[in-house]
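Notes follow once the structure below has been shown.
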Amino acid sequence: MKYKVIFDTNSIRNAESAADFLGGRVDLERFSKMSEIIIPDIVIEEIKAQKRKHLISKRDSFLSNPFHFLRKIDIKETENFNIDEWILELVKREKISYTQVSLTGDGILEKIKRMCLDCIPPFEDGSDKGFKDAYIYFTILEYLSNCKDKNIFCVTKDERLRLALSKIGRIKVIKGYDEFENY
């Protein structure tokens, strides 16, 4: 039986690489040998958005570089490079297998709103910061409610999300593979 391991954005972020979609590859490859890797849809979308923002910044920097002119590189080719298609191609070529899970439950927005207003983790104390983490939290809870496994693992470095998830008895919250290996 493979363990189920859910990943938060901060453990698999990879905005800087134009060669791979997912980051944290060393840990992910170790996890993949004995676990099913599960990633909430909002994490995938956040990685795409981070990668898109990074590539736009790099493209703009490249366009202003005088080597375009010196090397006679066609500026239009650089301007017309489709970053979104490139990112989708990275997703398709991703070698690390994972299952994407989505939040489908009704009434979740009201629960997120209440948690936000009451500053309940994963929201920050005295702040409305934490929407994506709350979305991840409810995605994990929904996944857990449909999962027959006694326990699942969640990899996150976010302390407020860790605090929220640690209150759920069936979830073991860890920071990485080394901690997972201890279990």
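- Put simply, the side chain of I168 reaches to within 4.5 Å of the side chain of Y137, judged on heavy atoms.
- With values rounded to the nearest 0.5 angstrom, L141 atom CG is found 11.0 Å from N146 atom CG.
- The six-membered or imidazole ring of F153 lies near that of Y183, with a centre-to-centre distance under 6.0 Å.
- A single hydrophobic cluster is not seen to contain both L88 and V43; linkage of ILVMFWY side chains at heavy-atom distances under 4.5 Å, directly or through other members, places them apart.
- Between F180 and Y3, the ring centre distance stays below 6.0 Å.
- One hydrophobic cluster holds both V5 and M34 under the rule that ILVMFWY side chains link at heavy-atom gaps under 4.5 Å.
- Rounding to the nearest 0.5 Å places CD of E29 at 10.0 Å from NZ of K95.
- Of the possible polar contacts, one joining the T139 side chain to the Y135 backbone as a donor-acceptor pair under 3.5 Å is found.
- A 4.5 Å side-chain heavy-atom check between I87 and L55 finds at least one atom pair inside the cut-off.
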Exercise. Begin from the C-alpha positions of I12 and Y98 and carry the test side chain to side chain contact (heavy atoms under 4.5 Å, CB included) through to its verdict.
Key: CA-CA 12 Å; I12 57 173; Y98 64 90; over 6 Å; no
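- The hydrophobic cluster containing L63 does not contain I56, counting ILVMFWY residues as joined when their side-chain heavy atoms lie under 4.5 angstrom apart, directly or transitively.
- The environment of R93 atom CZ is dense: over 12 non-hydrogen atoms of other residues, nucleotides or ligands sit within 6.0 angstrom.
- The shortest non-hydrogen separation linking S102 to D41 is OG-OD2, 3.3 Å.
- The pair R25-E94 meets the salt-bridge criterion, since a charged nitrogen lies less than 4.0 angstrom from a carboxylate oxygen.
- Applying side chain to side chain contact (heavy atoms under 4.5 Å, CB included) to Q50 and the options K48, H54, E46 leaves one that passes, E46.
- Here the side chain of S61 pairs no donor or acceptor atom with the backbone of K58 at under 3.5 angstrom.
- L28 is listed as a side-chain neighbour of F7, based on a closest heavy-atom distance under 4.5 Å.
- Here the side chains of D8 and D133 are in contact, with some heavy-atom distance below 4.5 Å.
- Between E36 and K2, the shortest heavy-atom distance links the atoms N-CB, 4.1 Å.
- With contacts defined as side-chain heavy-atom distances shorter than 4.5 Å, the pair I6/P40 qualifies.
- Scanning both residues, I37 and S32, for their nearest heavy atoms gives CD1-CB, 3.8 Å.
- Ion pairing between a basic and an acidic side chain is recognised when a charged N comes within 4.0 Å of a carboxylate O; R52 and D84 show such pairing.
- Under the 4.5 Å side-chain criterion, counting only non-hydrogen atoms from C-beta, R162 is in contact with K175.
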Exercise. Evaluate the criterion side chain to side chain contact (heavy atoms under 4.5 Å, CB included) for residue pair V101 and E142; output intermediate values, then yes/no.
Key: CA-CA 9 Å; V101 294; E142 184 175 307; over 6 Å; no
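- Once rounded to the nearest 0.5 Å, the distance linking OG of S145 with CZ of R170 reads 8.5 Å.
- In this structure, T156 contributes its side chain and D158 its backbone to a donor-acceptor pair below 3.5 Å.
- Contact between P121 and A164 at its shortest, heavy atoms only, is O-CB, 3.4 Å.
- Scanning for side chain to side chain donor-acceptor pair (under 3.5 Å) contacts around K148 gives an empty result, with sequence neighbours left out.
- Considering CD1 of I96 and CG of D27, their distance stands at 10.0 Å, rounded to 0.5 Å.
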Practice problem: Take K51 and W86, measure what side chain to side chain contact (heavy atoms under 4.5 Å, CB included) needs, and give me the verdict at the end. | Solution: CA-CA 10 Å; K51 191 168 284 296; W86 177 253; 5.8 Å; no
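- Of all heavy-atom pairs spanning R59 and I83, the tightest one is NH1-CD1, 3.7 Å.
- Between V173 and L161, every side-chain heavy-atom pair lies at or beyond the 4.5 Å cut-off.
- In terms of the salt bridge (charged side-chain N to carboxylate O under 4.0 Å, His left out) criterion, residue partners of K76 (sequence neighbours excluded) are, by chain and number, E79.
- With contacts defined as side-chain heavy-atom distances shorter than 4.5 Å, the pair I140/I152 qualifies.
- Atom SG of C154 is separated from atom CD1 of I38 by 10.0 Å, given to the nearest 0.5 angstrom.
- Expressed to the nearest 0.5 Å, how far CG of N151 lies from NZ of K172 amounts to 5.0 Å.
- For R30 and D178, the salt-bridge test passes: some basic side-chain N is under 4.0 Å from an acidic carboxylate O.
- Sorted by first and then second residue, the ring-ring contact (aromatic ring centres under 6.0 Å, His included) pairs with a member in residues 32-52 form an empty list; sequence neighbours excluded.
- Taking all atoms of both residues into account, the shortest heavy-atom contact from K167 to L163 is CG-O, 3.6 Å.
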